[in-house]
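One structure is given here, and the rest of the page talks about it.
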Amino acid sequence: MMNPNSFSVLGYLSVLLWLAVPLLWFLRHRLKLPGWSFLALALLAFTFATLNSRTHVSRIQAEVNEASPDAVMQEAAKRKAVEEAREGEVADIRFAEDGTEDFIDKAGMDEADSKYLESLDESKDPEWKKKKKSRGEAAEEGDDLDDMLGGEEPAEKLSTEALPEEKASSEPIIMSEAHVATAQRLNSINLSASSYAILLGLILFITDYLSRANSYARASCPLPLPAAWRNAFTPLPPVVIPERPRRSLTQELAHFARRGDAFVCFTKDAASLPESLPTFGKSSRPIDLLRTDGSRISDTFVFECLWYRRSCFVVDPSRSQTLLTEILKQLELRHASRARTRHNVHLVWNLSQPPNEKDLADFERLASSTGFSLFHTDSRP
C-alpha cells in the first residue's frame, strides 16, 4: 500500500498533468484547445516531477529499528559473565565518586577486557563525571593563557558562541523499508511517464499544426514545410471562399509565400503590392512578384513558373480570362498523366466578378489531383 507522504503536492500535480495530455486530446474538438497546450502541459508535468524527485523523494529514509529484547538480554549476559570472572578482584574500599558498577579492579585486566568494560560504562557515567572528563581533556590539549588560568571551557568554544548557527538541512522523511521502496518505484514511474508525455505532446502539437495548415479559418504561423505533409492530414480544398477575410491582400500573399507555395494574383490593384515577399522570416530568401502587363510574358511561361515555383505573378484583369483558360488546359494534360506539383499553387482571385461556372467546375475537378487551389476574395487593397 502506498504511503500518502511518498509524493509532495508537486508530485501529485505532475501525475494529473501528464494524465491530462491524452485525455484532453480526445476532447480537443469540443474544448477547441490549441496544439501547443498539450506540449505545455507535458513540460509542466516533467518540471513538477523533477522537483518532487529532488526535493521530496530524495529525503525519504528507512526507519532504524531499536535493539530487540533478545539482543539486550545477550548484552546483559555477556556483562554478567565478565563480572563473575573478575569477582575476586573486587576492591573492598568504595569511594564517593564511584558509580554503581565501579567495584572491579581494572588494573589487572588485559587490554581487551578493559576496552569492553569502558564501552559499556561510558554511556552510564554520571553527568558530573562526564563534565569532569571533558574538563580534564580540554586542559591537557589547550596551552593558551585561558587554559593556564584554569578556564573551564576551551577558547575555541568561547570564540564560536557569537557566530550564527548554520541552517539545518532538510529533515528526512522516515518511512518503513517497504514504503521507501514503493516511493522510489513510483517516483521512477512518474519521471518516465512525464518524459513520455513530452514526446506525446510534441507529436500532438505537430499533428494539430499540420491538420490546421490547409484550413483557412484555423491556420496560423505559416512554415515552409513540404506540401505532402499538410495534404496528408487535411486535403487542400480546390476552392476557398471565406465568409470573413482574416487578412489583407498583401498579408494573404505573404502567408502563401511563407508556406513555400506558389501563387498568381488576379487583381486590379497591382500597384499596391510589393515587388517581392519573404519566404521565411522578414527578409530571407524573398520571392519575386512579376507583373504580366504587355505580351513579354506568355501564359505558358506563367504556368511553368508556377508549376516549378520559380516565381509568383500579378495579373491584370484584362488578361485574367486568357490566363485562366491556359491554366485549365495545362491542368488537363497534367491530370491525364497523373502529374502533381511538389508544392501547392494558389490562384488568388481578387476581382469583383468570379470566374464563370464552367471554368470553376473544371477547375474543381482538376485542382485536387494536381495540387492547385483557387482562393476567391473581394477586391481589397
Side-chain angles (χ1 to χ4, degrees), residues 2 4 6-57 182-247 251-252 254-256 258-261 280-281 340 342-344 346 368 371 373 375:
M2 175 183 172
S6 299
F7 278 5
S8 64
V9 177
L10 294 179
Y12 289 111
L13 284 177
S14 66
V15 174
L16 294 177
L17 289 175
W18 60 256
L19 284 175
V21 173
L23 178 62
L24 292 178
W25 171 253
F26 292 105
L27 302 176
R28 66 188 185 280
H29 295 299
R30 181 179 300 178
L31 301 178
K32 297 182 179 180
L33 295 174
W36 57 263
S37 61
F38 308 108
L39 183 59
L41 287 177
L43 290 173
L44 194 60
F46 181 77
T47 303
F48 286 170
T50 303
L51 291 175
N52 173 70
S53 176
R54 294 181 179 179
T55 63
H56 186 85
V57 180
T182 302
Q184 292 177 351
R185 184 170 62 254
L186 293 177
N187 179 59
S188 178
I189 294 174
N190 190 31
L191 289 174
S192 300
S194 58
S195 301
Y196 288 125
I198 294 178
L199 179 60
L200 178 61
L202 183 61
I203 295 175
L204 297 181
F205 170 71
I206 296 175
T207 302
D208 181 76
Y209 175 83
L210 293 176
S211 63
R212 294 168 180 260
N214 283 337
S215 174
Y216 179 79
R218 302 167 59 211
S220 61
C221 189
L223 295 175
L225 300 176
W229 295 4
R230 300 191 295 264
N231 299 339
F233 284 86
T234 303
L236 182 68
V239 177
V240 178
I241 305 177
E243 297 179 359
R244 192 172 186 179
R246 297 178 57 186
R247 295 172 283 264
Q251 292 173 345
E252 294 288 2
H255 181 85
F256 292 139
R258 290 192 178 95
R259 281 166 48 106
D261 297 345
F280 187 74
R340 184 183 179 89
R342 298 181 60 181
H343 52 273
N344 294 330
H346 302 273
S368 298
S373 176
F375 178 78

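Model, not experiment: these values are computed from the prediction.
A distance-only check finds a donor-acceptor pair linking the side chain of Ser211 to the backbone of Thr207 [under 3.5 Å]. The backbone N or O of Thr234 lies less than 3.5 Å from no partner atom in the side chain of Arg212, so there is not a single donor-acceptor pair.
When every heavy atom of Thr55 is checked against every heavy atom of Leu51, the shortest pair comes out as OG1-O, 2.5 Å. Residue Leu17 comes nearest to Ala45 through the heavy atom pair CB-CB, 3.6 Å, listed as atom of the first residue, atom of the second, then distance. Closest approach of Trp18 and Ser14 over heavy atoms only: CD1-O, 2.7 Å. Of all non-hydrogen atoms in Phe46 and Ser194, the two that sit nearest each other are CD1-OG, 3.4 Å. For the residue pair Asn214 and Pro235, the shortest heavy atom distance occurs at ND2-C, 4.0 Å. Ala219 approaches His255 most closely through the heavy-atom pair CB-NE2, 4.5 Å.
Taking the ring centroids of Phe256 and His346, they lie under the 6.0 Å cut-off. Taking the centre of each ring, Tyr12 and Phe48 stay at or above the 6.0 Å mark.
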What do the steps show when you test Leu19 against Val21 for side-chain contact (heavy atoms from CB on, under 4.5 Å), and what is the final call? CA-CA 6 Å; Leu19 284 175; Val21 173; over 6 Å; no

Decide yes or no on side-chain contact (heavy atoms from CB on, under 4.5 Å) for Val57 and Leu186, but give the supporting numbers first. CA-CA 10 Å; Val57 180; Leu186 293 177; over 6 Å; no

Please walk me through it: do His343 and Asp261 pass side chain to side chain donor-acceptor pair (under 3.5 Å)? CA-CA 6 Å; His343 52 273; Asp261 297 345; over 6 Å; no

Between Arg230 and Arg259, is a side-chain contact (heavy atoms from CB on, under 4.5 Å) present by the stated rule, with each step listed? CA-CA 10 Å; Arg230 300 191 295 264; Arg259 281 166 48 106; 3.5 Å; yes

Check step by step if side chain to side chain donor-acceptor pair (under 3.5 Å) holds for Tyr216 and Glu252. CA-CA 10 Å; Tyr216 179 79; Glu252 294 288 2; 2.6 Å; yes

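Not counting sequence neighbours, the partners of Leu191 by the side chain to side chain contact (heavy atoms under 4.5 Å, CB included) test are Ala49, Thr50, Ser53, Asn187.
Taking CD1 of Ile206 as the start and CZ of Phe233 as the end, the distance is 8.5 Å to the nearest 0.5 Å.
Between Val15 and Phe7 there is a side-chain heavy-atom pair separated by less than 4.5 Å. Ile189 has its side chain out of reach of Gln184: every pair of non-hydrogen atoms, C-beta onward, lies at least 4.5 Å apart.
Counting non-hydrogen atoms of other residues, nucleotides and ligands closer than 6.0 Å to CZ of Arg218 gives a total above 12.
Contacts classified as ring pair (Phe, Tyr, Trp, His ring centres under 6.0 Å) and involving residues 191-212 (residues at least two apart or in different chains) are not found. Within the structure, the salt bridge (Lys or Arg N to Asp or Glu O under 4.0 Å) test picks out no pair touching residues 6-19 (sequence neighbours left out).
Side chains of Asp208 and Trp36: no donor on one and acceptor on the other come within 3.5 Å. Inspection of the Asn190 and Asn52 side chains reveals no N or O donor paired with an N or O acceptor under 3.5 Å.
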